[in-house]
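Worksheet: the structure to be examined is printed underneath.
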Amino acid sequence: MATKKEKVVDLKPKASKVTDEELKNLQEVVSNINNLQSEIGRVEAQKHGYLHQLAVVRDKATLLQGELEKVYGTANVNINDGSIEYPENGESRN
């Protein structure tokens, strides 16, 4: 035998809007998210620039090493006092 379903009537009307305070809190949270995402983008762009500068400086270091090896036979130079550190195998200036 089939059972009858009772109809449930919701006597509480559905809200058409959140409260002003809830809206304010929601807008504040979304604004914070947007600001943080924008800041992350700015920092990532700055990081990209720094990585590019680092690559350029590393290229300069490689070129300088090549020049030192041509002149002194080694690129092992103490950066504190400028002394040349020749390899232990006795290799000296070209």
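On a predicted model such as this, the values are computed, not experimentally measured, just so you know.
Interatomic distance, L51 CG to E44 CD, rounded to the nearest 0.5 Å: 9.0 Å. With rounding to the nearest 0.5 angstrom, the CG atom of L26 is 11.0 Å from the OG atom of S31. Of the inter-residue distances, the one linking E85 atom CD with N78 atom CG reads 5.0 Å to the nearest 0.5 angstrom. Rounding to the nearest 0.5 angstrom, the gap separating the CG atom in N32 from the CD atom in E39 is 12.5 Å. With rounding to the nearest 0.5 Å, the separation of CD in Q65 from CG in N76 is 8.5 Å.
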| request: For the pair K24 and E21, evaluate salt bridge (Lys or Arg N to Asp or Glu O under 4.0 Å) and give the outcome as yes or no after the intermediate values. | output: CA-CA 5 Å; K24 180 182 174 193; E21 185 177 338; over 6 Å; no

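No option in Q46, K47, Q53 other than Q46 meets the side-chain hydrogen bond (donor to acceptor under 3.5 Å, both in side chains) test with Y50.
Side chains of L63 and K60 form no contact here, defined as non-hydrogen atoms less than 4.5 Å apart.
Minimum interatomic distance between Y72 and Y86 (heavy atoms only, all atoms of both residues): O-CE2, 3.2 Å.
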